[in-house]
Student: 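I am attaching a structure below and will ask some questions about it afterwards.
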2 protein chains.
Amino acid sequence: MTGIDPSVVRSLPMFEQLSDDELSRLLASATLRRVPVGKAVFEQGQPSTHFFLLLHGRLKVTQVTPDGQQIIVRVVHPGDIFGFAKALQRDDYPGTPLAAAESLVVCWPTEVWGTLIEQIPSLAINAMQTIGQRLQEAHTRLREMATEEVERRLAHAVLRLIERAGRQESTGVRIDFPISRQDLAEMTGTTLHTVSRILSAWEALGLVTGGRQKLLVRDAEGLRALAEDGT
Amino acid sequence: MTGIDPSVVRSLPMFEQLSDDELSRLLASATLRRVPVGKAVFEQGQPSTHFFLLLHGRLKVTQVTPDGQQIIVRVVHPGDIFGFAKALQRDDYPGTPLAAAESLVVCWPTEVWGTLIEQIPSLAINAMQTIGQRLQEAHTRLREMATEEVERRLAHAVLRLIERAGRQESTGVRIDFPISRQDLAEMTGTTLHTVSRILSAWEALGLVTGGRQKLLVRDAEGLRALAEDGT
DNA sequence: CGCGAGTTTGAGGCTGTTCAAAGAGGGTGG
DNA sequence: CCACCCTCTTTGAACAGCCTCAAACTCGCG
């Protein structure tokens, strides 16, 4: 036993169809790890020795270019698996997952991946669907980057965030982890200056309320209209 | 029998490890289809009834935005499988694969996907690796779109093309299928005008030789230098 | 309370788009 | 076989969105 609560893992969509037996087999080879804010679960370029499941918290996956520029490739939400580079025939991790909030991850050695998907075929199918969705999201973002201007891209990014990380509040939907203007810029391929200007404009329109590493969406419908037709 | 030559399929990396028995089972449910230049194998939004393997030719996978803008999400090369949306829990195709050159595709009904990967586990692993590579390429392009200017993005796109579709000629490497300035623009998120200007500049530098739907890379190293450090 | 990280806002300049028009290649039909 | 036409390509000029540079401001933590 590793101190991981099976019922917590079971409650995740990815694992809900597993039997008690399968689940305990899965957790037998797992370890638990706490990741403080600002720390990385692993570093881009390191050999891919483990794959992971995010139980709690939030991770920003960054990629750094040879010349030092950084972008956020995606955000890992609780319940997501990540870092299974080895399953994708890579020997090193393609990005760095940084904890945006205090996080809790389950770790498996990559060696068990093969035996796991053999023993638990539904897991393989789930994993494939997960990558498929990720690929589609990547294509969607590519299309946005190619055809939309910054304001609409930012609107789409914020809408995606409240979909996966939104917490209802009295005055709107809050993004439930610390996120800076710089982060939003790295998600949309622009600068923090432009993000700041656009958010200021949105605030004047009553669409959002800003704050230091905070964002509250007051009018999701208004934002969606802006994202869709550019109104 | 469907008239598909097993040895042709066997020669593809994706299927090379299959036994004769597995291969004939695979081809039993398949049909062959010829796709003329300019025609689509299927249309974006259609129900995903089949998945495919490109035997010969070249496909440009396009996505159209609600407001009519178009981008090229990726290029399908011979040996690639495509259109397996159903395996990724989608009921419709996310894009439209257009034949850039006369093409030949193998078609399977989506129903056989499940039984196939059960019977031939290596196929499931291959498929997963394939999607994984595609995801990485998408992330790479996202990073380029976010951080690089048009000229470097175009250089990267051309280098990727000669990697998968390059044919050695006496004076350089030719891109082995008809590709227009418009196509290159839709791959790099710019306009055909800008692509034309950049190619003209490259031609003046002796890096490439252009032509109507033609491109010959005379100095791949020079292009790579330009793509890497922007020299 | 002071410091540092994050944010806001302005001004100017550059890259790339938009609009416009002319030129060239290649296929087709007479 | 040639002329025509359609599509693709080239090039120019003006404009615009966004970035860069710069500086001030503010929130929150130690």
Student: For K214(A) and dC27(D), what is the distance between atoms NZ and P respectively, to the nearest whole Å?
Tutor: 11 Å
Student: Using a strict cut-off of less than 4.0 Å between a Lys/Arg side-chain nitrogen and an Asp/Glu carboxylate oxygen, indicate whether R181(B) and D183(B) qualify as a salt bridge.
Tutor: no
Student: For the pair made of CD in E203(A) and C1' in dT7(C), what is the distance, rounded to whole Å?
Tutor: 11 Å
Student: Side chain of E149(A) only, please: which of dT9(D), dC18(D), dC19(D) is the nearest?
Tutor: dC18(D)
Student: Looking at D80(B) and R164(B), is any side-chain nitrogen of the basic one under 4.0 Å from a carboxylate oxygen of the acidic one?
Tutor: yes
Student: Go through dG6(C), dT8(C), dT10(D) for me and flag the one nearest to the S200(B) side chain.
Tutor: dT10(D)
Student: Wobble G-U and Watson-Crick pairs count when both distances are under 3.5 Å; given that, what is the 5' to 3' dot-bracket string of DNA chain C, with | for pairing to other strands?
Tutor: ||||||||||||||||||||||||||||||
Student: Is a donor-acceptor pair below 3.5 Å formed from side chain R197(B) to base dG12(D), judging by atom type as modelled?
Tutor: yes
Student: Take the protein atom CE of M145(B) and the nucleotide atom P of dG16(C), then report the distance between them rounded to whole Å.
Tutor: 12 Å
Student: How long is the line joining CG of L215(B) and P of dG25(C), in whole Å?
Tutor: 16 Å
Student: Looking only at side-chain atoms of T191(B), point me to the closest of dT7(C), dC8(D), dT17(C).
Tutor: dT17(C)
Student: To the nearest angstrom, how far is E151(A) atom CD from dA16(D) atom P?
Tutor: 17 Å
Student: Whole angstrom is fine here: how far is it from CD1 in I179(A) over to P in dG6(C)?
Tutor: 13 Å
Student: Thinking salt bridges, do E169(A) and R174(A) make one under a 4.0 Å N-O criterion?
Tutor: yes
Student: For L199(B) and I198(A), take the nucleotide of DNA chain D holding the closest heavy atom to each; which residue's nucleotide lies nearer the 5' end?
Tutor: L199(B)
Student: Rounded to the nearest 0.5 Å, how far apart are CD of Q44(A) and CD of Q70(A)?
Tutor: 9.0 Å
Student: For the residue pair E148(A) / Q69(B), report whether a side-chain donor-acceptor contact shorter than 3.5 Å exists.
Tutor: no
Student: Should the pair E102(B)-R34(B) be classified as a salt bridge under the 4.0 Å nitrogen-to-oxygen rule?
Tutor: yes
Student: Check every strand shown and say whether L192(A) touches a base, only sugar-phosphate, or nothing at a heavy-atom separation below 4.0 Å.
Tutor: base
Student: So, R160(B) and E144(B), do they make that salt bridge, N to O below 4.0 Å?
Tutor: yes
Student: Using the side-chain heavy atoms of R181(A), tell me which of these nucleotides is nearest: dC8(D), dT8(C), dG26(C).
Tutor: dT8(C)
Student: Would you please indicate if the ring centroids of F52(B) and F42(B) are separated by under 6.0 Å?
Tutor: yes
Student: State which of dG28(D), dG6(C), dC8(D) makes the closest approach to the side chain of S180(A).
Tutor: dG6(C)
Student: Rounded to whole angstroms, how far apart are CH2 on W202(A) and C1' on dT8(C)?
Tutor: 17 Å
Student: Between T194(B) and dT17(C), is there a contact of a side-chain N or O with OP1 or OP2 at under 4.0 Å?
Tutor: yes
Student: Rounded to whole angstroms, how far apart are NE2 on H193(A) and P on dC25(D)?
Tutor: 17 Å
Student: Between dT7(D), dC19(D), dT26(D), which one does the side chain of R212(B) approach most closely?
Tutor: dT7(D)
